[in-house]
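Predicted model only: the values in this text are computed from it and were never measured. In each ligand, atom 1 is the first atom listed, and ligand 1 is the first ligand listed.
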Amino acid sequence: MEEPKKRILSGIKPTGTLNLGGYLGAAKNWVALQNEFDCFYFIADLHAITIRINPAQLRKQAKELYALYIACGLDPEKNTIFFQSHVHQHAELAWVLDCYTMFGELSRMTQFKDKSAKNADNINAGLFTYPSLMAADILLYQADLVPVGEDQTQHVEICRDIANRFNNLYGEVFRLPEGYVPKVGARIKSLVNPMQKMSKSEQDPNGTVNLLDRRDDVIRKFKKAVTDSGSEILYTEDKPGIKNLMTIYSAVNGKTFEEIEREFDGKGYGDFKLAVGESVADLLSGIQEKYTQISEDKTYLENLWRGSAEKASYIANKTLRKVYKKIGFVEK
Ligand code: TYM
């Protein structure tokens, strides 16, 4: 008999337009894995409200991200693509897991420390317990693999710790997931500050390349990208700007760092930055064309997300019922 496919789950917050970091660190890998695995991908809208966000903007960005998942190459026939808020089991399991997650371990989360430093006037409880909601997302589907960028690996680790703690008390309820980060592109840096990650919350718009940016803006941003002293195109630690651009170039066209060094031997930063900009702009133009096509068919998208939420709920519910039973809740 054929082995059942292993399961994958991942999500992105609709707190801005999907950028090159999220694409190269996560979404690109999702596309590569879709034939081999049983995949669940969602729009992490529950996670998005840990930061204040205008309701109309949240709705717009969430729908945009949904269409972008498909435009990036996720086949809706092969993947279950849904909104987190459409599957109420996420919030329910998150509460249960909150009661099995320790204050001390949440306090050690790098992302919590970073985000609370940046949003000092809104350090809400949701920001603090964010990792147990993320653990619920993963554990509800008994996921084997969680493809994410490097900044999320600590959250996958705490998810395993929570699952282990729960399993030790109640038996094998949850499958232990593994994080899956790409070899190249797991940590794309800002174009204006190569010591910082490219992020949706970055203040300077020139640091981030969004998937829906216009071609000339993309090229302009790369031309202006901060580079290092010297003039050679080399992949070394003391050239963080060039290293970041080489990473992007390699992730986009599959060339190795040695091949890139050879390609630009004797050429300057200007030529290199232009080549990276053009290769990214070419990649994005394909995604954007598909995005425009898909977003036009609102009925198709609505039917898709409804059906997917039903499928996701069915699986999530099985896990949640099991959890409720194990912890001693009375059955309906
Ligand atoms: P989010 O929305 O911040 O980022 C989405 C995905 O993109 C990756 N990523 C990057 N990778 C490389 N370089 C970058 N500069 C970069 N910026 C972002 C992130 O690592 C992530 O994989 N908590 C998650 C969303 C989430 C989730 C989940 C993920 C909620 N529940 C369950 C996996 C499983 C987040 O905020 O991602």
Heavy atoms only, cut-off 4.0 Å: how does Phe42 contact ligand 1, side chain, backbone, both, or neither? side chain
Quick look: Asn19 vs ligand 1, heavy-atom contacts under 4.0 Å, and the answer is neither
Pairs of nitrogen or oxygen atoms closer than 3.5 Å, one from [X] and one from ligand 1: do any exist?
X: Ser10; result: no
X: Gly149; result: yes
X: Asp137; result: yes
X: Gln84; result: no
X: Ile12; result: no
X: Ala44; result: no
X: Lys200; result: yes
X: Lys13; result: yes

Do the side-chain N and O atoms of [X] and [Y] include a donor-acceptor pair separated by under 3.5 angstrom?
X: Tyr100; Y: Tyr170; value: yes
X: Asn19; Y: Thr208; value: no
X: Glu92; Y: Tyr324; value: yes
X: Lys311; Y: Thr80; value: yes

Pick whichever of [options] has a heavy atom sitting closest to [atom].
atom: atom 9 (N) of ligand 1; options: Gly25, Gly16, Gly22; value: Gly22
atom: atom 17 (N) of ligand 1; options: Lys115, Gln152, Met198; value: Met198
atom: atom 27 (C) of ligand 1; options: Pro177, Ser190, Cys159, Gly11; value: Gly11
atom: atom 16 (C) of ligand 1; options: Gly21, Ala143, Pro131; value: Gly21

Can the ring centres of [X] and [Y] be said to be less than 6.0 Å apart?
X: Phe42; Y: His86; result: no
X: Phe112; Y: Phe128; result: yes
X: Phe83; Y: His90; result: no

Parallel, tilted or perpendicular: which one describes the rings of Phe82 and Phe40, with boundaries at 30° and 60°? perpendicular
What residue and atom, counting heavy atoms only, is the protein's closest point to [atom], and at what distance?
atom: atom 20 (O) of ligand 1; value: Asp151 OD1, 2.4 Å
atom: atom 13 (N) of ligand 1; value: Ile188 N, 2.8 Å
atom: atom 32 (C) of ligand 1; value: Met134 CG, 3.6 Å
atom: atom 12 (C) of ligand 1; value: Ala186 O, 3.1 Å
atom: atom 23 (N) of ligand 1; value: Tyr130 OH, 2.7 Å

Which atoms from ligand 1 have a heavy atom of [X] less than 4.0 Å away?
X: Val146; answer: 33 (C), 34 (C)
X: Gly185; answer: 12 (C)
X: Ala26; answer: 6 (C), 7 (O), 22 (O)

When you check the gap from the basic side-chain N to the acidic O, do [X] and [Y] get nearer than 4.0 Å?
X: Lys243; Y: Asp238; answer: no
X: Glu302; Y: Arg306; answer: yes
X: Lys6; Y: Asp38; answer: no

Out of the candidates Gln203, Glu202, Gln196, only one should pair with Ser190 under the side chain to side chain donor-acceptor pair (under 3.5 Å) rule; please name it. Glu202
Relative to Phe264, does Lys267 satisfy both conditions: NZ or CZ under 6.0 angstrom from the six-membered ring centre, and within 45 degrees of the ring's axis?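 Checked: cation-pi criterion met.
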